[in-house]
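Single-structure report; data block below.
All of these numbers come straight from a predicted model, not from anything done at the bench. Worth knowing before you read on, the calculation uses all heavy atoms, side chains too, and leaves out hydrogens, waters and symmetry mates.
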There are 2 protein chains.
Amino acid sequence: MNTIEPSDRIGVAVDVVIFTVDDGHLQVLLSRREHEPFEDRWALPGGFVRPDESADQAAERELTAKAGLVGVFLEQLYTFSDPARDPRNRVVSVAYYALVSRDRLGAQAGLRESRWFRVDHGAGEVQVPELGLAKPCLAFDHDRILEAAVHRIQGKLEYVPIGFQLLPQRFTLTEIQQVYEAVLGHPIDKRNFRSKLLKSGQVREVDAYRTGAHRPARLYEFTRRTF
Amino acid sequence: MNTIEPSDRIGVAVDVVIFTVDDGHLQVLLSRREHEPFEDRWALPGGFVRPDESADQAAERELTAKAGLVGVFLEQLYTFSDPARDPRNRVVSVAYYALVSRDRLGAQAGLRESRWFRVDHGAGEVQVPELGLAKPCLAFDHDRILEAAVHRIQGKLEYVPIGFQLLPQRFTLTEIQQVYEAVLGHPIDKRNFRSKLLKSGQVREVDAYRTGAHRPARLYEFTRRTF
DNA sequence: TCGTCTTAGTGTATATACAACACTAAGCAA
DNA sequence: TTGCTTAGTGTTGTATATACACTAAGACGA
């Protein structure tokens, strides 16, 4: 225990659950595996931690490499370490989750074989239907990781202002309500939601309106903008 | 990225923040390091994850080896992965925290060079005074880990019934209030605390009293006993 | 230009949770 | 029996959460 034996060394990887909300639904970015094990199966973007970087840095690097994203909200989720989670080598995975707004997703999200999947979460279990297809089983233990990530953001949304990470800088109150409904998976009363949000001071109205097909909606922005 | 290179392998360790409440104070078990680096400095109990075990299992093993504890509350906290956190080798540490009641601590807690330290947490920073001695700087990044652990249990205590883990099976309402006060670091109103706890249904009264120097106090037990 | 459609926007009443606060009860010991 | 110490108990005001329905504004087509 005093010195590190070669047998004590283990592969350390990061896997990143990248969430966005689009079309009124929580969505997750998955990429298709190009190699064994689990070749051709869908998996969370991830990769090994390099000798000279922290897991946080590795997760940021993955975010840029796999989704072209820089400076988005990123937090550590949990570390998965079952010795059998990778059928070939011992790999411990430090899982992260990221929140991105649609407007930050350019063409870059089409990198490699990756795409967005809706996350359907009725009451407990998490499903990822691809336009009505049956729930795909993800590679490794990534179903568990995804489930843990959904559970985390649901719990966190209720008392930490992270919903803004899933929206452009300016948004309407209806848009942010739809984010909450998509993440939590249940409808919310419009008047209560608005009065509570405004009273909390998290949000500030701006002198602009979202114009479109119907009555224009006032725009708001997050008060403490994460820089 | 397809295969694991030797350079991708990293030492993976667990460190366990073992808490108890005694004498009205939150206490943490530290052990004195017997080897370099940080020889003779106080540190959290910990060790390397073996090739055939999960980090959870390694943390349980540490708990038994260093403190003689079996079957106590144990949860993963966070993974610390700064490349420079160990000055000699690259080691990633998966930190855990454990909650133990005094009555589970027998002579075993005197194993090796280890002892309990009070955790003083005014408003933010965490100090570990040894009977009035200046705050010892722990080895590695263990000050940060301890701070994160205190923050976690404070947050969790407010909405998850984990306080019972720090008490014997039967306890008085004054005892559990003292646990809350020790963890949160501030006094709590007796009547409000009692009525809220009883209304929550977490606790059930027992037909027994703690007898002692003064008026006997009714004993209670946790409703959903973790088996 | 008028009517219809769709989304935006607003207030009140009720129930529940939280916070502040002080005295009596029971046992022990001198 | 008196004094000391800890156990035990309710009410009131305030804040917060919930349930609930109509009017306002613009777009579009007849």
I need the [atom1]-[atom2] distance between [X] and [N], as an integer number of Å.
X	N	atom1	atom2	value
B/K190	D/dG10	NZ	P	13 Å
B/R215	D/dT6	CZ	C1'	9 Å
B/N192	D/dG10	CG	P	14 Å
A/F193	D/dA19	CZ	C1'	17 Å

Enter the distance from [X]:[atom1] to [Y]:[atom2] here, rounded to the nearest 0.5 Å.
X	Y	atom1	atom2	value
B/R102	B/L167	CZ	CG	7.5 Å
B/H25	B/F117	NE2	CZ	15.5 Å
B/E53	B/E60	CD	CD	9.5 Å

> Which residue lies toward the 5' end of DNA chain C, B/T211 or A/Y220, if each is placed at its nearest nucleotide?
Replying inline: A/Y220

>> Need one value for A/R218: base, sugar-phosphate or nothing, where a base atom within 4.0 Å counts as base even if backbone is also close, heavy atoms only.
In response: sugar-phosphate

>> What contact category does B/S195 fall into here, base, sugar-phosphate, or nothing, at under 4.0 angstrom with non-hydrogen atoms?
In response: nothing

> With nearest nucleotides of DNA chain D determined for A/K196 and A/A213 from heavy-atom distances, which residue corresponds to the more 5′ nucleotide?
Replying inline: A/K196

>> Assuming nearest nucleotide by heavy-atom distance, tell me which of A/K199 and A/H214 is located more 5' along DNA chain D.
In response: A/K199

>> Between B/D103 and B/S101, is there a side-chain donor-acceptor contact under 3.5 Å, judged purely by atom types and distance?
In response: yes

> Contact boundaries of DNA chain C with chain A (under 4.0 Å, heavy atoms), 5' to 3'?
Replying inline: C/dT6 to C/dG11

> Is a donor-acceptor contact shorter than 3.5 angstrom present between the side chain of A/R191 and the base of D/dA21?
Replying inline: yes

> When the aromatic ring centroids of A/F164 and A/F73 are compared, is their separation below 6.0 Å?
Replying inline: no

>> Counting the benzene-type ring for Trp, do A/F38 and A/F140 have ring centres under 6.0 Å apart?
In response: yes

